[in-house]
Undergrad: 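Sharing a structure with you now.
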Amino acid sequence: MSKTKHTPVNELSCEEFDEIHHPRPMETDFGRLVEREISRRGFLGAGIAFGASAFVVGAGGLRPSTARAAGHGFGFEAIPANTLDTVTVPSGYNWHVVAKWGEPMWSNGAEFDHMTRGTGESQELSFGDNNDGMSLYNDGEGRSVLAVNNEYTNLKIMYGGSGSGAPQNADDVRKGKAAHGVSVVEIAENDGKWSIVVDSPYNRKFTADAPMEITGPARGHDLLKTAADPEGVHCLGTWNNCGNGRTPWGTYLACEENFHSYYSSSDPDIEIGPEFKRYGVGPKDRGYAWAMADERFDIAKHPNEPNRNGYIVEIDPLAPDSTPKKRTAMGRFKHENAEIVIAGNGQVVGYMGDDERGEFLYRFVSDGTYAEGGDNADLLESGRLFVAKFADGGRGEWVELTPESSGMASQAEVCIHARIAASAVGATTMDRPEWVAANPIKAEVYCCLTNNKNRGKKPNAGGDPTPAGGPNPRVGNLYGQILRWRPDGGDHLAAGFDWDLYVVAGNPTVHSDANAGSANVTADNMFNSPDGLGFDSMGRIWIQTDGNYSNKDGFAGQGNNQMLVGDPETGEIQRFMVGPNECEVTGFAWSADRKTLFVGIQHPGERGNSHFPDGGDTTPRSSIVAISRDDGGIVG
Ligand code: FEO
Ligand code: CA
Ligand code: CA
């Protein structure tokens, strides 16, 4: 309760904000549920060294911990945790800043002003804030184009120049909207340093006002019609894009996550229906105040606007005149990323997490098939949507979401209210599914379940129970885990899969129970809250964290947020990079020759304790850094 009184709304996490405004009931019979789950599975005494709980843990977790300290599989020496206000990389590696918030993308833009932190106009001409997921494209003529999500803004930083720490007028809103969305920017390497190519014809920004086309089953549905768009086929803008996806046909997928945080109501007594409640839409925004200057964000006046966000947005970064397409067939929820794989028969499979406590894991399967060099432009326009259901014994299945299975009137409604459809089929409530990543070497897929303090304590926003068990084994999960599954027969179209946990994060220097983590977590590599995730071409998995950086109590010794790399076969994990103070490390991309790794540093100094990257007493700025080896070799 004290948080509602004393903490400015923008400093609460989205989950905390949502729960204050849409309180979840307490689960009363929770302990009994957990007891039953554990005893039914016969987990206790299963021989896995995990104190009070017991998990299905992969090969890495079953190996004795002494066997995995060697570190032979990686091309770098692991680095220790730290709390330095800089980027730390292994010995023999170097880094530099490629792009940062407020850096002009066009020559008529103004250099970033550390005092004012810019205007609406300067932000419209410069790189957005809080960079997150990204992908790098080559235009075939040697030019490198980086597409980057600009997820959100920190109000105290963005509007700190005026002393208010909050938007006060229409130009402040213009600046905020222009800091969100997606920046597409050409970058080039000169004298070993990558930087923005100012005025490149590829440079584009897709802000909260950029025209978009609505495609798929929900296109033209009544729930998507507005005063400005009576057909329900065109909308404006994308915002709060978190992780991303990259298609084999060269497009970029921006994934709309906490889209609801920007809507408010001019009528404080407005009645909020269950559909809005499930998605966190309510009478108050999180302080962005966009409705102050754009009534599109006033749900009392435009109640269908929130139904036009929460989608995967497909962008062609190499076609400067193209219009982004919202892919409603892939469902509306708080998207993290979209991992695209091509099934054996050519159908496109998209794995997607819904990042909220107790929400679900989804799979999209296209109707059409991918043809290399063919016309793949509309493969994400139609297909089938599934949700994951986990069973005992390391098994799971994909349950299709249809009007029949969900009881909804149409596939359009299934897609628009995907969360509610998934609840109707009894999907498994998860510990906040963040990025999903598919192993390029074999048919297995990983997903970060970042943490969930409500696990075993409160239901999700739809009232679904969240008992501890299966892939979400710990009550009040503070550290997170990485789930892995293998589709039956190595076929991504299969209905069933085997699953285990690749790693259960924890702190073995503080705990000796389940919070110590799995056996592949040691005092040397421990971390919390895995979030960003992706494979390199060698089949090693890179893990980024967005967690508790207090470096004390249960998080003592874990330092700032970081990036690690894991071996899927041995379970071995090594720390590769540590970010500056109060940042999240999120989003990464490789240069074509794998000699440069681009990594996102988001919201350094979100609580006022960083001057990254410019130093002195400057304003902290979200940035993309390039990491390479001193000897010019392959990174990792
Ligand atoms: Fe934007 Fe789920 O992190
Ligand atoms: Ca994330
Ligand atoms: Ca996160």
Side-chain angles (χ1 to χ4, degrees), residues 10 12-18 128-135 148-154 179-182 238-245 253-262 279-280 286 288 309-313 333-339 351-362 419 430-437 446-454 460-461 477-483 505 527-534 542-549 555 558 560-564 579 582-589 599-603 606 622:
N10 194 240
L12 298 169
S13 71
C14 272
E15 293 73 27
E16 288 165 334
F17 181 82
D18 286 353
D129 197 8
N130 276 18
N131 46 270
D132 204 309
M134 66 178 98
S135 290
V148 190
N149 291 342
N150 296 115
E151 188 185 23
Y152 70 105
T153 64
N154 302 83
H180 282 72
V182 179
T238 187
W239 54 89
N240 214 291
N241 294 284
C242 192
N244 72 302
L253 304 178
C255 308
E256 297 178 336
E257 192 186 26
N258 292 300
F259 65 89
H260 63 294
S261 315
Y262 302 80
Y279 286 85
R286 287 191 71 224
Y288 296 108
N309 318 113
Y311 298 107
I312 302 287
V313 183
F333 43 91
K334 296 181 186 174
H335 282 282
E336 186 66 25
N337 82 328
E339 178 72 337
Y351 292 107
M352 304 170 288
D354 182 350
D355 178 13
E356 187 175 303
R357 295 179 188 127
E359 290 297 338
F360 309 124
L361 184 62
Y362 294 84
R419 285 183 164 184
M430 308 297 285
D431 284 348
R432 298 187 52 199
E434 299 259 21
W435 292 50
V436 183
Y446 294 63
C447 177
C448 288
L449 302 172
T450 194
N451 58 51
N452 182 1
K453 69 178 185 184
N454 290 350
N460 70 9
N477 175 16
L478 295 177
Y479 294 100
Q481 63 269 12
I482 300 180
L483 165 70
F527 60 95
N528 72 88
S529 305
D531 186 335
L533 195 69
W542 294 73
I543 304 161
Q544 300 177 311
T545 71
D546 170 23
N548 186 312
Y549 45 69
F555 305 98
Q558 301 194 338
N560 290 348
N561 277 309
Q562 55 195 271
M563 187 167 184
L564 310 100
E582 300 178 354
C583 83
E584 167 183 348
V585 179
T586 184
F588 62 106
V599 179
I601 303 297
Q602 194 192 61
H603 65 66
E606 65 172 351
S622 292

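Computed from heavy atoms alone, side chains included, the values below leave out hydrogens, waters and symmetry copies. Counting begins at 1 with the first residue of the sequence. Remember, it's 1-based here, ligands and their atoms both numbered in the order they're listed.
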Undergrad: Salt-bridged, E359 to R419, with N to O below 4.0 Å?
TA: yes

Undergrad: Would you confirm whether N240, through its side chain, and N258, through its main-chain N or O, come within 3.5 Å as a donor-acceptor pair?
TA: yes

Undergrad: Within the 3.5 Å criterion, strictly below it, is a donor on S622 or N130 matched to an acceptor on the partner's side chain?
TA: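 Yes.
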
Undergrad: For the Ca ion (ligand 2), which N, O or S atom of E336 is at the shortest distance?
TA: OE2

Undergrad: Which protein N, O or S atoms does atom 1 (Fe) of ligand 1 have within a distance shorter than 2.8 Å?
TA: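 Near atom 1 (Fe) of ligand 1, the protein supplies E151 OE2, C242 SG, E257 OE1.
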
Undergrad: Angle subtended at the Ca ion (ligand 2) by OE1 of E434 and OD1 of D531, to 10 degrees?
TA: 60°

Undergrad: Does the distance from a Lys or Arg side-chain N to an Asp or Glu carboxylate O, for E356 and K334, drop under 4.0 Å?
TA: yes

Undergrad: Please check if any side-chain donor atom of D531 sits under 3.5 Å from a side-chain acceptor atom of T450, or the reverse.
TA: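 No, no side-chain donor-acceptor pair sits under 3.5 Å.
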
Undergrad: Please confirm whether the backbone N or O of Q544 pairs with a side-chain atom of Q562, one donor and one acceptor, at under 3.5 Å?
TA: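 No.
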
Undergrad: Under 3.5 Å, is there a donor-acceptor pair between the Y288 and H180 side chains?
TA: no

